[in-house]
Protein chains: 4
Amino acid sequence: MPRLNREESQARTKTLLIEAAREEIIKKGFAQASVRDIADAAGFSQGAFYSNFPDKEAILLELVQQHQSEERAKIESVLGQASGEPAKVMAGLEKWAATANSDPGFAVLAIELQLQALRSPTFAQGYNELNRKHRRALGVLVTRLFEALGKQPPADPVEIATGFIALGRGMALLSRAGEVSRSGRIVVTFLKALIDAAPSA
Amino acid sequence: MPRLNREESQARTKTLLIEAAREEIIKKGFAQASVRDIADAAGFSQGAFYSNFPDKEAILLELVQQHQSEERAKIESVLGQASGEPAKVMAGLEKWAATANSDPGFAVLAIELQLQALRSPTFAQGYNELNRKHRRALGVLVTRLFEALGKQPPADPVEIATGFIALGRGMALLSRAGEVSRSGRIVVTFLKALIDAAPSA
Amino acid sequence: MPRLNREESQARTKTLLIEAAREEIIKKGFAQASVRDIADAAGFSQGAFYSNFPDKEAILLELVQQHQSEERAKIESVLGQASGEPAKVMAGLEKWAATANSDPGFAVLAIELQLQALRSPTFAQGYNELNRKHRRALGVLVTRLFEALGKQPPADPVEIATGFIALGRGMALLSRAGEVSRSGRIVVTFLKALIDAAPSA
Amino acid sequence: MPRLNREESQARTKTLLIEAAREEIIKKGFAQASVRDIADAAGFSQGAFYSNFPDKEAILLELVQQHQSEERAKIESVLGQASGEPAKVMAGLEKWAATANSDPGFAVLAIELQLQALRSPTFAQGYNELNRKHRRALGVLVTRLFEALGKQPPADPVEIATGFIALGRGMALLSRAGEVSRSGRIVVTFLKALIDAAPSA
DNA sequence: TATGAATGAGATTTCATTCAT
DNA sequence: AATGAATGAAATCTCATTCAT
């Protein structure tokens, strides 16, 4: 490893702590993932945690930042493909549906974040902003998708998007290891039905 | 309050503890709902809790029992109506969709139970049985529904049912107070699309 | 089992509780042997315990009574033989030494009782009486023994007796299962040395 | 008090906790000596206890370490004197016998440790090692003693040593405050008898 | 910045004891 | 006399957080 200057070293500590936190929280849940567990898993002391975050909940907001970036990136990548011809669009969607929830930990983390938002007003404030943006972005995708297919969305595109986020997260909970494929299958079934049933534009 | 004999009094204590546990767990999550909180809310000592349940996790299994009974009851009531003519069936479904998730706590509890099952093997054992039965029962409903409407289910009825359970639970997480109606609306949108898109039998 | 009248039934309950208490206390120690454990082992409820004893410590005093009777009986049986000729006396002693500590639980119980007496003044009061009598009785045995062998005791017979009680209890602690014979061997070694070294009367 | 650096301060905390534990355990017994009692007596929080020991039983093993060191030191000091002429050897022994059990707490602690070893397999493992070493060391002392006096030990020296350890511990239990001298007296009586009765080498 | 001993509050659980039945 | 649900206190242990180094 190359020598890191002070700033880089500090950033690396923070990154390692965040990654460790993500794994611990997915594994045990936020309440059960102790600061000691997280710090140990990252290879630091508990004090290092508090040098980087004001309190335990703060690291959740960092996770939200990351989660947001990653989900947005996935969506953008599909959005790019969604401007082409119908066949390509559908192929892209199927691929997305298959992979979107391929990491169950990712969805479990989303659920942990949502539960926390449901219960901690301070956390909710920062968190809800994410969901609004996220839903709106997915809503745009839905709109473009129906446009590309020459159909009319059967309901508010943002609501449809919300439905698919909910479906994905609900499936993540129901699925155990090895059943991940079922999640993608169901998402595709529902999506195709919506498209087939939609009136032409 | 009428005088209770010993057996009744004991049953009442257990019932009160279970109800209190349900509320506390919905409000705070299983990990944060302490035995003291639950016992206090029920108006008993912590010791009373341990006179009725071997440990904290045991009360979750009781909640699963209740949850199961209640969900099954709702499903049965719709199943009864689903044997009639198409118009009645659809009306029944819309009513069910509107009310099924009208109690967000109900779904949040379901999520807490699922998270616990994901993390506690001992709990998972008892819990997974419920989900299997539940999914199968809903699968039967889906089958009858499509039959009554003269359509072919576009996928395994149990998978479709699983999708709707997942959707309901995911929506419960996304919904804050006052947004409950949206959940029903989305469920109906998805359901109608599935029916419309389905080929005739 | 023949029908018991009320008095007999009550006495039987008490006996069963005392026996169960003895086993539990030997196995776990007084502090770790809970009233529930004892009552369960005897096949009764906790309430039955409190119908028969005013509190947990009270059953210890009952055990002392029994312990006293049993130890005295053993001593008396050797005392009887000790009035004969030297050879018989020595043979009796060896037999006693071999059997006296053959039940390690018996000595462990004695130790539990003594520790309790060391720490609970109320218990000590009832308990110390036993030890005084016990030591005096053994002192008489020592006196008779040396008389029968035509020797002078090399110290106060009561102190010599005390030494052997201490030795027996100390050995019970040091011995694990299967090493019981060693205890008897050491007792005999010490006893023979005392006799050999004693001046003729 | 002089300023302590971090390491010294930490070591001091541990030492204070161990000393407090020793006193509390002697006073109340291991089961009754709560972690709170021990921490309070040492002037720390309960958490400090768990920063220094993984669990309550662990401090018993520390006490064994100390007990071992101290007993060995006493034995070594007598071993040194035992190489001289017979008169000096006997004088040293009498002094040792008088002081060896002058601290009844010391023996009571030994008994608590042994009871624990009898009941906790995990503790027994670490503990039995001590006793083996201890008995062997005392066995060497007995051998040298008889050599110095020109006599043959009347039995396996390790067994004789074991007998004296047992005698000392048994006496500690029987003795109340103020009766300590009796313990030494009896030990000397037994020891002299063994020596007198032993055949010349 | 990072350490980790120490804190104080609170977690689950056990238990001697009481009491209505 | 016997039951066993319920109590209230106390047990062991965990944990987010602080702070001197």
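Residue contacts shown for D/Phe49 are absent, as no nucleic acid heavy atom lies under 4.0 Å away. Residue contacts for D/Gln10: at a heavy-atom cut-off of 4.0 Å it reaches the sugar-phosphate backbone alone, with no base atom in range.
Taking 4.5 Å as the limit, some side-chain heavy atom of C/Arg12 sits within range of a side-chain heavy atom of C/Leu16.
To the nearest angstrom, C1' of F/dA2 lies 14 Å from CZ of C/Arg12. In this structure, A/Asn52 places its CG atom 8 Å from C1' of E/dT1, rounding to the nearest Å. A/Glu24 has its CD atom 11 Å from the P atom of F/dC15, to the nearest Å. Distance OH (B/Tyr50) to C1' (E/dT17): 20 Å, rounded to an integer number of Å. Remark: P of F/dT14 and CD1 of A/Ile38 are 17 Å apart, rounded to the nearest angstrom. For the pair A/Phe44 CZ and E/dG4 P, the interatomic distance rounds to 12 Å; values are reported in whole Å. Residue B/Lys28 contributes atom NZ, which lies 12 Å from atom P of E/dG10 at whole-angstrom precision. Atom CZ in D/Phe30 sits about 8 Å away from atom P in F/dT12, given to the nearest Å.
Between D/Thr13 and C/Asp37, the residue anchored closer to the 5' end of DNA chain E is D/Thr13, taking for each the nucleotide with the nearest heavy atom. Comparing D/Gly47 and C/Arg36 by the nucleotide of DNA chain E that holds the closest heavy atom to each, the one mapping nearer the 5' end is D/Gly47. Each of A/Lys56 and D/Gln46 lies near DNA chain F, and the nucleotide nearest D/Gln46 is the one positioned closer to the 5' end. Toward the 5' end of DNA chain F, the nearer of the two residues A/Glu57 and B/Leu17, judged by each one's closest nucleotide, is B/Leu17.
Comparing F/dA16, F/dT12, E/dA5 by their closest approach to the side chain of A/Val35 singles out F/dA16.
Using a cutoff of 4.0 Å between basic side-chain nitrogens and carboxylate oxygens, A/Arg119 and B/Glu112 are scored as salt-bridged. Under 4.0 Å is where a charged nitrogen must lie from a carboxylate oxygen, and between A/Glu19 and A/Arg22 no such pair does.
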Stepwise, does the side-chain contact (heavy atoms from CB on, under 4.5 Å) test hold for C/Leu115 with D/Leu115?
CA-CA 11 Å; C/Leu115 283 173; D/Leu115 282 173; 3.4 Å; yes

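Side-chain N/O atoms of B/Ser34 and base N/O atoms of E/dA11 include no donor-acceptor pair closer than 3.5 Å. Below the 3.5 angstrom threshold, one finds no donor paired with an acceptor across the side chain of C/Ser45 and the base of F/dA2.
For F/dA20, the paired base is E/dT3 (Watson-Crick or G-U wobble, both distances below 3.5 Å). E/dT14 is paired with F/dA9 under the Watson-Crick or G-U wobble criterion, all donor-acceptor distances under 3.5 Å. Taking a pair to require two hydrogen-bonding distances under 3.5 Å in either a Watson-Crick or a G-U wobble arrangement, F/dT14 pairs with E/dA9.
Judged by a 6.0 Å distance limit and a 45° cone about the ring axis, D/Lys56 is not positioned over the six-membered ring of D/Phe49.
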